[in-house]
Trainee: 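Sharing a structure here in structure tokens format.
As the structure is a prediction and not an experimental result, all values here were calculated from the model. Every chain is numbered from 1 and lettered A, B, ... according to where its sequence line falls, protein lines coming before strand lines.
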Amino acid sequence: MSETTIQLEVFRYRPDNGGPTFQSYEVPYHDDWVVLDALNYVKNYVDGSLSFRWSCRMGVCGSCGMQVNGEPSLTCAAFLRDHMPGPVRVEPLVNFPVERDLVVDMNGFMEKLDHVKPYLVREDEADDLSAEFMQTPTQLDRYKQFSMCINCMLCYAACPVIGRVDDFIGPAALALAQRYNLDSRDQGKQMRQDVIFQNEGIWECTFVGECSEVCPKHVDPAGAIQQAKLEGAVDYYKRLLTPWARRS
Amino acid sequence: MSGRSHEALFWSLFAAGSVLAALFVPALILVTSVFGPFGWRWFADAFTYDGIRDLLQHAIVRLAIGAVIALIAVHACHRLRHLAVDLHAPLPGGLIALVAYGGAAAVAVLTAVFLALV
Amino acid sequence: MNRPLDRRLGWTWWTLKGSYFRIFLREVSSAFILAEIVFFMLLIHKAGQDAETYLAYRDFLWHPLMVVFHLVALAFALWHTITFFLIAPSALPSQVAGRRIPAAFIIGQQFAGLAAVTVLLFLWVAWVGAT
């Protein structure tokens, strides 16, 4: 009895070897295999020159994001059985510069994350480091959804605005800005809003909403951005009507 | 980067217009342009010359229509502007915005003038 | 020599999959909504002139081919309404006064509002037409 197989069409790119091509690999099919298992099979038994990022294999680390049949997906969560009988086309995430094969350059994303200060900001830095900051379940509930982000960048690959505006801060970083702005323990809202209320912040977004569709953690960045727009509009009129108020 | 954006102003008008467009436009189209030609008598009669002048008689009705039309115009023009930008229209962004909001302002002003002249 | 490859989504992004295309149709609805608003504005304009001018414009608006356009515009307008109502829950703050508002409740309220506005408008116009 011959073993069932499935065909992978893998995007190959080596900067020194001309333009990108697709290379086909026949890999064993198993009901419980995900695309990442198939890629690891290729790497281990067929072609060791194939490059891709991965780590946890369980949807936590956010490193194995790729385009699977055109959909930004975590390859550790994309089952082969959902793509039978194949072929399965595997490409690097779109909207990012490709370094090699399935590996993209994430430096731009890291810089954008940095802009929104995705950590608790306390104005009184001299605070006792052992101090506790209490939070009620209701206060936690305000931002919890937006805190589930694993920085897998699928939302950036889904966003047509990212393709047009290099500087657009983008879904994940804006959702994280909102996550900390909604946190009762945080005091950095003014600083973050100075960044996200610029054109390259929330205002480039046209609510295509695909970021929320592809998010493996149901963060709903599109919703976060709209909520920030509402706050941005209220804040804009406040500044217009009370220009004498001092703001940091 | 560029400092806080004035887009908040346009977006807030757009958002208000979006709500009004969602609520009013389907009914507006049906009432003014579908029921009449389909021969529903009461609706056909409401758009005779005397009928529409009756509809537009009260100052409050005219004010409401003017405000709703103006905001829906901003909604539509703002969205068309962003559609043009999202389709990578090879024109300066400022020019697209000028044409879009200029068009919305023209619709708003003309509607006000026309309502005043009925 | 390191030459990263550029793979940004271009201007044809809306052709790539159904979900993009549905959003594209939502954006295109604005052209139809603008057209209907301008038609209505001109109807008001003609109502301010003599009866003959008004009726000529009204009959143009009610021409069968124009009615086909109005029905297409109606479909787009409804698409705007539906998409707008469905995304509203995620665009609004998740809590009001510390209580979470269920998405289905927000969506239901909006459609109830649409029904109320539509029925009231119908009744008003029909009443004016009947008297």
Trainee: Are there any donor-acceptor pairs closer than 3.5 angstrom between chain C and chain B, and if so, which ones?
Mentor:
| residue | atom | partner | partner atom | Å |
| --- | --- | --- | --- | --- |
| C:Trp13 | NE1 | B:Asp86 | O | 2.9 |
| C:Ala47 | O | B:Arg53 | NH1 | 2.6 |
| C:Gln49 | O | B:Tyr49 | OH | 2.4 |
| C:Tyr54 | OH | B:Phe47 | O | 2.9 |
| C:Arg58 | NH1 | B:Phe47 | O | 3.2 |
| C:Trp62 | NE1 | B:Thr32 | O | 2.8 |
| C:His80 | ND1 | B:Arg79 | NH1 | 3.1 |
| C:His80 | NE2 | B:Ser18 | O | 3.0 |
| C:Thr81 | OG1 | B:Ala22 | O | 2.9 |

Trainee: Does C:Val119 have any side chain to side chain contact (heavy atoms under 4.5 Å, CB included) partners at least two apart in sequence or in another chain, and if so, which?
Mentor: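 If we apply the side chain to side chain contact (heavy atoms under 4.5 Å, CB included) test to C:Val119, skipping adjacent residues, the hits are C:Leu123.
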Trainee: Give, as side chain, backbone, both or neither, the part of B:Leu117 having an atom under 4.5 angstrom from any heavy atom of chain C.
Mentor: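 The backbone, not the side chain.
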Trainee: Using a 4.5 Å cut-off on heavy atoms from C-beta on, say whether the side chain of C:Phe85 contacts that of B:Leu23.
Mentor: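 B:Leu23 reaches C:Phe85 side chain to side chain.
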Trainee: Using the side chain to side chain contact (heavy atoms under 4.5 Å, CB included) criterion, which residues pair with B:Ala89? Sequence neighbours excluded.
Mentor: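 Here the qualifying residues are B:Ala84, B:Ile96.
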Trainee: Checking C:Phe122 against chain B: side chain, backbone, both or neither under 4.5 Å from a heavy atom?
Mentor: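 C:Phe122 touches chain B through backbone and side-chain heavy atoms alike.
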Trainee: Tell me which of these, B:Ile52, B:Val107, B:Ile65, has more heavy-atom pairs under 4.5 Å with chain C than the rest.
Mentor: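 The candidate making the most pairs under 4.5 Å is B:Ile52.
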Trainee: Yes or no on side chain to side chain contact (heavy atoms under 4.5 Å, CB included) for B:Phe35 and C:Val125, after CA distance, side-chain angles and deciding distance?
Mentor: CA-CA 11 Å; B:Phe35 290 164; C:Val125 173; over 6 Å; no
Trainee: Can you check side chain to side chain contact (heavy atoms under 4.5 Å, CB included) on B:Phe47 and C:Leu61, steps first, answer last?
Mentor: CA-CA 11 Å; B:Phe47 287 93; C:Leu61 218 53; over 6 Å; no
Trainee: Check each atom of C:Phe76 against the heavy atoms of chain B and say whether the ones under 4.5 Å are side chain, backbone, both or neither.
Mentor: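 Neither part.
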Trainee: For B:Leu13, which residues count as a side chain to side chain contact (heavy atoms under 4.5 Å, CB included) partner, sequence neighbours excluded?
Mentor: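 Expected list: B:Leu71, B:Val74.
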Trainee: Between B:Leu80, B:Val31, B:Leu56, who has the most heavy-atom pairs with chain C when the cutoff is under 4.5 Å?
Mentor: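 Between B:Leu80, B:Val31, B:Leu56, the count favours B:Leu80.
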Trainee: Please determine, among C:Leu114, C:Ile44, C:Val117, C:Leu34, the option with the most heavy-atom pairs under 4.5 Å with chain B.
Mentor: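 Among C:Leu114, C:Ile44, C:Val117, C:Leu34, the one with the most close pairs to chain B is C:Ile44.
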Trainee: More than 12 foreign heavy atoms under 6.0 Å from CG of B:Leu95: is that the case here?
Mentor: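 Yes, the 6.0 Å shell around CG holds more than 12 heavy atoms from other groups.
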Trainee: Looking only at heavy atoms and a cut-off of under 4.5 Å, which of C:Leu121, C:Ile33, C:Leu74 has the most pairs with chain B?
Mentor: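 With the most close heavy-atom pairs to chain B, the winner is C:Leu74.
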Trainee: Side chain from CB out, backbone as N, CA, C, O: work out which of these in B:Val113 comes under 4.5 Å of a heavy atom of chain C, or both, or neither.
Mentor: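 Nothing of B:Val113, per the 4.5 Å heavy-atom cut-off to chain C.
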Trainee: Under a 4.5 Å heavy-atom cutoff, which of B:Pro37, B:Ala27, B:Ala76 has the most pairs with chain C?
Mentor: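 Ranked by heavy-atom pairs under 4.5 Å with chain C, first place is B:Pro37.
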Trainee: With a 4.5 angstrom heavy-atom cut-off, could you sort out which part of C:Leu9 is near chain B: side chain, backbone, both or neither?
Mentor: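 For C:Leu9, backbone heavy atoms alone lie under 4.5 Å from chain B.
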Trainee: For a side chain to side chain contact (heavy atoms under 4.5 Å, CB included) check, start with the C-alpha distance between B:Val25 and C:Phe32, then their side-chain angles and the critical distance, and finish with the verdict.
Mentor: CA-CA 10 Å; B:Val25 173; C:Phe32 288 91; over 6 Å; no
